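Here the structure comes first, spelled out in structure tokens, and everything after it is commentary.
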There are 2 protein chains.
Amino acid sequence: MPADTFAVLAEPTRRRILDALRRGDRTVGDLAAALAVSQPAVSKHLRVLREAGFVTARPAAQQRVYRIEPGPLRDLDAWLAPYRALWERHLDALETLLDEEER
Amino acid sequence: MPADTFAVLAEPTRRRILDALRRGDRTVGDLAAALAVSQPAVSKHLRVLREAGFVTARPAAQQRVYRIEPGPLRDLDAWLAPYRALWERHLDALETLLDEEER
DNA sequence: CAGGCATATACGCGTCAAGGCATGTACGGA
DNA sequence: TCCGTACATGCCTTGACGCGTATATGCCTG
């Protein structure tokens, strides 16, 4: 699992790109127009996302269609898993705390 | 939801702090020793984590005991939710793809 | 094969944050 | 009250990153 998954997602523009791709594949120009960002900036972000496995590119004539990939997001989900106990067993923890304070 | 949640988690040392706190509350000195990081560095990271709501501090004499808080991690879980369809309905998507390619 | 379109890369600038070192602050023990 | 402990904060340097502008690469059309 690449450790820089969070660093990739730390960029708001990259998250907006992922959010756009979540609803369907897009070309670079589409993304640049939809996000109101310069085309080179979009290309650079797509490169980062691609090298981290978040997206893949498929050539279509002069354009390249980008598609979101689930892999790194599944890794994120897996990383989050052990922490889920913090709130899923929250009632249990609350009970434990009250028990301790009763003593 | 604070947008810098990912930026906070982008730091490996901060993730290690959270991982340590996941198993129980710790003092600053404990964390510095356990992670082999200088004490000021730990304090700075704890400040970032605290201001982002990941942890809270409880004074105990001269030391301060830090505890992990579920809030921001729940936000992360919520952010991840719409993307979960990418792999949970993966079989459905595969079927759709095959249907399209059959035409 | 020349020209235009879509995308990728190179360069320079400004910003920001991590780390170490030194110092400040608060609490407790002698 | 004075000193030592535990933690926080300030200053400084360094490296990484995002953005825009300019330029290079690839592909299609006439």
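First the proteins, then the strands, lettered A, B, ... as listed; each starts at 1. The structure displayed is predicted, hence computed values, not measured ones.
For B/Arg14 and C/dA18, the shortest distance from a side-chain N or O to OP1 or OP2 is below 4.0 Å. Residue A/Tyr66 places no side-chain N or O under 4.0 Å from the OP1 or OP2 atom of C/dA6. Taking 4.0 angstrom as the limit, B/Thr13 places a side-chain polar atom (N or O) nearer than this to OP1 or OP2 of C/dG19. Not one side-chain nitrogen or oxygen of B/Ser38 sits closer than 4.0 Å to the OP1 or OP2 atom of C/dG19. An OP1 or OP2 oxygen of D/dT9 is reached within less than 4.0 angstrom by a side-chain nitrogen or oxygen of B/Arg47. For the OP1/OP2 pair of D/dC17 and a distance below 4.0 Å, the side-chain nitrogens and oxygens of A/His45 include no atom meeting the criterion.
The listed nucleotides are D/dA22, C/dG28, C/dA18; the one nearest the side chain of A/Pro40 is D/dA22.
For B/Gln62 and D/dC3, the CD to C1' distance is 12 Å, given to the nearest whole Å. Residue A/Arg26 contributes atom CZ, which lies 13 Å from atom P of C/dT7 at whole-angstrom precision. Atom-to-atom, NZ of B/Lys44 to P of D/dG10 comes out at 10 Å; the value is rounded to the nearest Å. As a whole-Å value, the separation of A/Gln63 CD from C/dA6 P is 7 Å. Separating the CG atom of B/Leu35 from the C1' atom of C/dG20 is a distance of 17 Å, rounded to the nearest angstrom. When rounded to the nearest whole Å, the span between CZ of A/Phe6 and C1' of C/dA18 equals 18 Å. Per the geometry, CZ belonging to B/Arg15 stands 14 Å off C1' belonging to C/dA18, to the nearest Å. Going from atom CZ of A/Arg64 over to atom P of D/dC28 covers 11 Å, rounded to whole Å.
Taking the nucleotide of DNA chain D with the nearest heavy atom to each of A/Val48 and B/Gln39, the more 5' of the two is matched to B/Gln39.
Electrostatic pairing of A/Asp19 and A/Arg14 does not count as a salt bridge here, judged by no charged N lying under 4.0 Å from a carboxylate O. A salt bridge links A/Arg84 to A/Asp77: one of the charged nitrogens lies within less than 4.0 Å of a carboxylate oxygen. Classification of A/Arg15 and A/Glu11 as a salt-bridged pair fails, no side-chain N sitting under 4.0 Å from a carboxylate O.
In this structure, A/Trp79 has its ring center under 6.0 Å from that of A/Tyr83.
Both tests do not hold together for B/Arg50 against B/Tyr66: distance to the six-membered ring centre under 6.0 Å, angle to the ring axis within 45°.
Residue contacts shown for B/Pro59 are absent, as no nucleic acid heavy atom lies under 4.0 Å away.
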